[in-house]
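Quick notes on the structure that follows.
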Amino acid sequence: MRASAESNMPRNFNYADAEHRLYDWWERNGWFKPEVAGPDAEPFVVSMPPPNVTGNLHLGHALFGALEDLMIRYERMRGKAALWLPGTDHAGIATQLQVENMLREEGVSREQVGYEEFLQRTWQWKEEQGGAITRQLRRLGASCDWDRERFTLDDGLSTAVRQAFLTLWEQGLIYRGPRLVNWSPGLQTAVSDLEVETREEQVTLYYFKYPLKDGGHIPVATTRPETILGDTALAVNPADARYAAYIGKSAIVPILGREIPVIGDDAVDMEFGTGALKVTPAHDFNDYEIAQRHQLALINVLNKDASMNAKAGKYAGADRYDCRERLWRDMAAAGLTIKTTPYTTRIPRSQRGGEVVEPLMSTQWYVRIQPLAEKALAAVRRGEIKIVPEHYEKVYFHWLENIQDWCISRQLWWGHRIPAWYREKDGDPEGEIYVGSAAPPEDGWVMEEDVLDTWFSSGLWPFSTLGWPAESDDLQRYYPTQVMETGHDILFFWVARMIMMGLWFTDKPPFHTVYLHGLVRDKHGKKFSKSLGNVIDPLTIVDKLGADPLRFTLITSGSPGNDVNLDETRVDHTFRFINKVWQITSFINMNLEGDLELGLPAVNELDLPARWILSRLQRLIANVQHLFDIYQYGEAGSQILAFMWDEFAPNYLEISKHAMYAGDESEKIATQRVLVTVQDTCLRLLHPFMPFMTEEAWRYIPHDGEALIIAAWPPADEALIDAASESRMNLLLELVRELRNVRSEYKVDPGQRITALAKARPAAAKDLEKYGFVFSRLCNVAELQLLSSEDPEPANSVSIVVSDITLYLPLEGMLDLEAESQRLENEGKRLRQQIDKTRVMLSNDNFLNKAPAAIVQRERDRLADLESAYAQVAERLSSLSR
RNA sequence: GGGCGAUUAGCUCAAUUGGAUAGAGCGUCCGGUUUACACCCGGAAGGUUAUAAGUUCGAGUCUUAUAUCGCCCACCA
C-alpha cells in the first residue's frame, strides 16, 4: 500500500503540547482498553500496585509506572488484550496519620471529633486528594484502563474483603485471642512483625542486684529497667554452677516487694550479661515463651500509651522512660544497683512514625497462615509462579517456611471494619462472638471496632478488582493476571500474601510472573530523604524535559531487582536522544515527496548500505525480542539507542544522501523506502519506552495504521540478515574511521576535501569503486582513485591499512616521514601482537577440537585479515625507509 | 548468628546459553557554523573487571576463599 506523511514537521518535539494532546487522544479512542484487541485475543493483565490514595507521585511510582506501561504497551502492540488495571489503596495507618495531622493543625484530636466525624473527614480528604496520584500517573503516559479503576475501600472490594474474612473464619483459619503483640503506643494499635523495623542503637545496659527471699542476691542485667515491675520469675541456666543452687528458691521484685520464683531454663545464655535473666512475660517475646514453658503469671504494667499502669505501684501514670529513671534512682537509693554500661543492640521501631514499639498483651485477630503458606510455597516450587530475578525465590521460601500467624486486626478507624459482633454473656461484654456479612438481627450486638490490616485487602487485589467474589465477565476473561511488577521491598507484605490469598480463594496463581524492581536512589546510591535534601520530584523532571526522558532513563539505569541510582545527567542525555530520533524523522520527512510505497523493495534492488543497515536492524529486532523475553528491558533500550545513534543516523543517513541527492529515481525511492522502514521499526521498538515522542514522530513518516500505540510489534525477518554485506560494509566503515583518525592526527582542516588512492584485491576494489561516495559523505574525501597492483606507491602519502586494502592519502607538505614511520611501526606492532595471539590459539588442538566451528572459523578469518594488513604495513614501512 | 546482593574508567551504570580490542553517559583534552540535529558532529586520553586460587581451549561472566559495602531474616536480656 502507498501512504503519505504529514508535512511541516516542527524543528523540535514539543513535549509540553504533545503529551496532553496525545494522551487524551489515546484515551478518547479507547486504546487503553483491552477490548481494542478483539474478543479472541489472548489477555495480558497487570494489576497496578495500588499507590496510597492520598499520596503524591515519587520516583518509585515513576519506576513502576514506566516498567508496567512498557510491558502493557509492548503486549498491546503484540495484539494481546492488554489490561493494566489501576487503583489506589486506602492505606490505613498512613492516611489516618495524614488526617490526624490535619486535625492537629486545627487544634483537635481524632478522639475529640469522634469516630463518625473522623471517618467523614477522611473520606472528604480522600475525595479532595485522591485524584492527585492518578493524574500524575497519566502525566507519565500510563496507559491504564481508567474505567476499571478501583479503590480498596470501594463497595465491591469491601464485599470481597468480607467474603474472604468469612471464608477463612468458617474454615477455622481465623481466630481471636490475647497474645503478645508489637504495640505502637503513639498510633495505639497493634502492628505486624513486618511493620516493625529493628536497627542497632546505643542504649544503656543496667546491672543490678535481684534480692533473694532468703537473703543475698543474683546480679541481673537489663536494657529496660521499668519492666522489672512486671517480672514474674528470675531465670538461670541449670548448667550454670554459679546460680543452679538457687533454682526453686524465691526472689523479691525490687521496690514492689513481690515474691517470684527462680527457675532454670536452657534458653538463658550463661555468657551474656550476668548469666541471669529477669523474666517479664507480658513485655518480652522471649520471656513470653519461657513463661509458657513454666506456667508463669503474666503481669502487664503498661497502658496503651506506654505509660505505667496500676500494677507499677507508685510509678503508675508515669511515662515508660520517666519510670525507668525514677525506678533506677530508687533502686540506687536502696543499694540494689551495680553499674551501667553503654550497649549497642537492636531496638524495634514502628515503620510508621519511628517510635519504639513495645511488646504488649492484647486481644487481636489472627489468620492461621500455615495452610495458605504451604500452597504459596508449592506454587513457586512447581514453577507455576516465577520470580524475576530468580534469587528472590530463596528469600520468598525462607520467609514462608518460617512464617508466623498474621495479626490482621488494627486499632484504627480508617479501614475495613472486621465483620464481627459481640454480645454480653455472663458479665463479659464480649462473651459471645458473631461473624457474618451483616449484623445479627437480635438486639444487644455490638460491632467490632477494629479494622483489618491494609494488606488484607491488598492481598485480594488481583481478583477483587475484577469482580470477585462474583463470577463476573472480567474475572472469567482477565484472571489470572500475568505479571506482577512491584518493588522487592514488599515481597512479603504484599506479593506473598497475594499469592497465598489468590491460591486459597480462586485456586489459581494470581499471576505467573513476579517481576521485582529495586529502590530508586540518588546518583550516589543514597536514599532520598528530606533531611538530606536530595529528593528528586519526578514531576519536576516531566515539566522540564517531558515524561519520555524520565521513563527511558529509569528503565535503562539498572537491571531487575537491583536498586536504580538515578543520575540526572542521564535524563539530559535521554532528552538529547529523543531529539536525535526526532531529527532523524525530520530528515526522512523532508526528503519525501508525496506518497511512498510502504515496505521494502526486492532484495536484489538494494545496494550494499541498504543491505547492511537492514541486516543490522534485523539483529536489533531479534536482540530486543530476546531481551524482552527475559525481562531485560534496560539492555533492550540501550541497544535501540546505540543502533540509532551510532549506526543508523551517523552512517546510513549520511550515506543515503548520495542516493537522495545524486541518485536516479529508482535509487532514490528504494532508499526512501529503506529509511522509512528502518525508522518505522525503530519507532515501534521504542514506543513502549517513550510513547509520546514516538507516537508524534510516527505521523511524519508514511505509515499504515491509525496510531503507533496500536501498531504491530515488529518481527525479525531472518531473510534480511546478511553477514556478507555486514562485513563488506564494516570494511568501508573501518576505513572511514581510520581516515578520520589520520585527518585528526595530521590536523587536516576538516573542511578540506582530500583525495585518496587505494590498492585492493578485486572484490574489495569493486566495493570501493562503487561505494566511493561513502568516503565523500563520511570523511570528506573528494575522490577515491583505484590503483592497480602494478602502480607505484604514491609519494609523500600517509597510508591506512585495513584487511587487504591500503589507502594512500597524499598530504603534501604535511607529511612528517619520521612521524609516519613511527605511526606505522606502532600499527605493525599492534597487528603483530594480535597475530601472535591468534596463532597461538589456532595452533592449540584443544581449541580446534572443542570450540564451536563458527568461533574457530572466525579466528581463522581474523588471522587472514591481520596477516594481510601486517604485510602491507611492513611493505609500506620498507618503502618509506628507502 | 544465618541468608542474599554488590564490588567494572575520576563519577553514575551496562555487558543473560562463557568467545573478537570490556561498552555508554557525565566529566577531561583536541578540533569543527558538513543544508536532520550546537538538544549537534569528528577525534583522544582514561581499565590488572576488589584480592587470591581454581575449572575451562577460552572467565567480567562459572567454583572456592578473603576483603569492603548494602539489604533481608533471627527471642542474647
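Proteins come first, then strands; the chains are lettered A, B, ... in the order of their sequence lines, and each starts at number 1.
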Sorted by chain and residue number, the ring-ring contact (aromatic ring centres under 6.0 Å, His included) partners of A/Phe577 (sequence neighbours excluded) come out as A/Phe552, A/Trp645

Heavy-atom closest pair (A/Ala636 atom, A/Val624 atom, distance to 0.1 Å) is O-CG2, 4.1 Å

Review point. How are the rings of A/Trp582 and A/Phe13 set relative to one another: parallel (under 30°), tilted (30 to 60°) or perpendicular (over 60°)?
Key: tilted

Sorted by chain and number, sequence neighbours left out, ring-ring contact (aromatic ring centres under 6.0 Å, His included) with A/Trp698 holds for A/His703

note: A/Ile387, atom CD1; B/G5, atom C1'; distance rounded to Å ~ 16 Å

A/Arg224 bridged to A/Glu358 by N-O distance under 4.0 Å: yes

Quick note, A/Val268 side chain, CB onward, closest among B/C37, B/U12, B/A77 is B/A77

Sorted by chain and residue number, the ring-ring contact (aromatic ring centres under 6.0 Å, His included) partners of A/Phe285 (sequence neighbours excluded) come out as none

Could you work out the separation of B/C72 and B/A53 based on their P atoms and round it to a whole Å? 35 Å

Side-chain N,O (A/Arg777) to OP1/OP2 (B/U35) below 4.0 Å: no

When every non-hydrogen atom of A/Cys779 is compared with those of A/Arg740, the smallest separation belongs to CB-CG, 3.9 Å

When rounded to the nearest 0.5 Å, the distance separating CD1 of A/Ile584 from OH of A/Tyr652 is 13.0 Å

Any side-chain N or O of A/Lys278 below 4.0 angstrom from OP1/OP2 of B/A77?
no

Handout entry: Distance, C1' atom - from B/G10 to B/A45, rounded to whole angstrom
Key = 12 Å

5' to 3', nucleotides 69-74 of chain B under a 4.0 Å protein heavy-atom cut-off (B base, S sugar-phosphate only, - none) gives ---SSB

- Task: Report the relative orientation of the aromatic rings in A/His658 and A/Phe773; use parallel for angles under 30°, tilted for 30 to 60°, perpendicular for over 60°.
- Result: parallel

message: Need one value for A/Tyr207: base, sugar-phosphate or nothing, where a base atom within 4.0 Å counts as base even if backbone is also close, heavy atoms only.
response: nothing

Notebook entry, point to check: Do A/Arg832 and A/Asp836 meet the salt-bridge criterion of a basic N to acidic O distance under 4.0 Å?
Noted result: yes

Side-chain contact check for A/Asn12: nearest option of B/C39, B/G25, B/A38 is B/C39

Legend entry - Euclidean distance for P, B/G32 against B/G23 (whole angstrom): 29 Å

Sorted by chain and number, sequence neighbours left out, salt bridge (charged side-chain N to carboxylate O under 4.0 Å, His left out) with A/Glu696 holds for A/Arg21, A/Arg699

Would you mind classifying the nucleic acid contact of A/Asp284 as base, sugar-phosphate or nothing, using non-hydrogen atoms under 4.0 angstrom? nothing

Contacts of A/Glu593 meeting salt bridge (charged side-chain N to carboxylate O under 4.0 Å, His left out) (sequence neighbours excluded), chain-then-number -> A/Lys668

- prompt: Does A/Lys580 get its side chain close enough to the base of B/C37, under 3.5 Å, for a donor-acceptor pair?
  reply: yes

For the residue pair A/Phe689 and A/Phe628, categorise the inter-ring angle as parallel (less than 30°), tilted (30 to 60°) or perpendicular (more than 60°).
perpendicular

Dump the pairs, protein N or O against N or O of nucleotides 42-49 of chain B, anything under 3.5 Å, distances to one decimal.
residue: B/G43; atom: O2'; partner: A/Ser744; partner atom: OG; Å: 3.2
residue: B/A44; atom: OP1; partner: A/Asn741; partner atom: ND2; Å: 3.0

note: A/Glu647, atom CD; B/C41, atom P; distance rounded to Å ~ 15 Å

In whole angstroms, the gap separating C1' of B/A14 from CD1 of A/Ile555 amounts to 15 Å

Whole-Å distance, A/Asp845 CG to B/U56 P, equals 17 Å

Which of B/G25, B/A36, B/A77 is nearest the side chain of A/Phe272? It is B/A77

- Mind checking A/Tyr343 for me? I need base, sugar-phosphate or nothing, with any heavy atom below 4.0 Å counting as a touch. sugar-phosphate

Between the CG atom in A/Leu627 and the CG atom in A/Asp629, the distance rounded to the nearest 0.5 Å is 8.5 Å

- Rounding to the closest angstrom, what is the interatomic distance between B/C73 and B/A15 at atom C1'? 32 Å

Dot-bracket assigned to RNA chain B with the 3.5 Å Watson-Crick/G-U criterion, [ ] for crossing and | for other-strand pairs, is (((((((..((((.....[...)))).(((((.......))))).....(((((..]....))))))))))))....

Query raised in the report: What is the nucleic acid contact for A/Ala642, judged by heavy atoms within less than 4.0 Å: base, sugar-phosphate only, or nothing?
Result: nothing

Residue set satisfying ring-ring contact (aromatic ring centres under 6.0 Å, His included) with A/Tyr396, at least two apart, ordered chain then number -> none

Between CG of A/Leu848 and P of B/G58 the distance, given in whole Å, is 13 Å

Among the nucleotides B/C75, B/C37, B/G25, whichever has the atom closest to the side chain of A/Thr569 is B/G25

Answer with base, sugar-phosphate or nothing: what part of the nucleic acid does A/Phe575 contact at a heavy-atom distance below 4.0 Å?
-> base

Within residues 218-231 of chain A, the residues having a heavy atom closer than 4.0 Å to RNA chain B are A/Ala221, A/Thr222, A/Thr223

So salt bridge (Lys or Arg N to Asp or Glu O under 4.0 Å) across residues 652-661 of chain A, not counting sequence neighbours, yields A/Glu654-A/Lys657

Ranking B/A36, B/A77, B/C75 by distance to the side chain of A/Glu289, first place goes to B/C75

### Atom P, compared across B/U48 and B/C11: separation rounded to whole Å
13 Å

State whether the number of non-hydrogen atoms from other residues, nucleotides or ligands found under 6.0 Å of A/Glu401 atom CD is greater than 12. yes

Distance check, C1' atoms only: B/U7 and B/G42, in whole angstrom units.
35 Å

List every contact pair, protein side and nucleotides 15-23 of chain B side both N or O, where the distance is under 3.5 Å.
residue: B/U16; atom: N3; partner: A/Gln632; partner atom: NE2; Å: 3.1
residue: B/U16; atom: O4; partner: A/Gln632; partner atom: NE2; Å: 2.1
residue: B/G19; atom: O2'; partner: A/Arg858; partner atom: NH1; Å: 3.1
residue: B/G19; atom: O2'; partner: A/Arg858; partner atom: NH2; Å: 2.8
residue: B/U21; atom: OP1; partner: A/Arg862; partner atom: NH2; Å: 2.9

With rounding to whole Å, what would you report as the distance between B/G3 and B/A59 at their C1' atoms? 27 Å

Winner on side-chain proximity to A/Asn286, out of B/C75, B/C4, B/A77, is B/C75

Sugar-phosphate only, base, or nothing, as touched by A/Thr345 at under 4.0 Å among non-hydrogen atoms: sugar-phosphate

Between CZ of A/Phe397 and C1' of B/G2 the distance, given in whole Å, is 18 Å

Between NE2 of A/His573 and C1' of B/C40 the distance, given in whole Å, is 12 Å

Suppose you measure atom P in B/C40 against the same atom in B/G25; what distance do you get, rounded to whole Å? 11 Å

In whole angstroms, the gap separating P of B/C4 from CG of A/Leu491 amounts to 15 Å

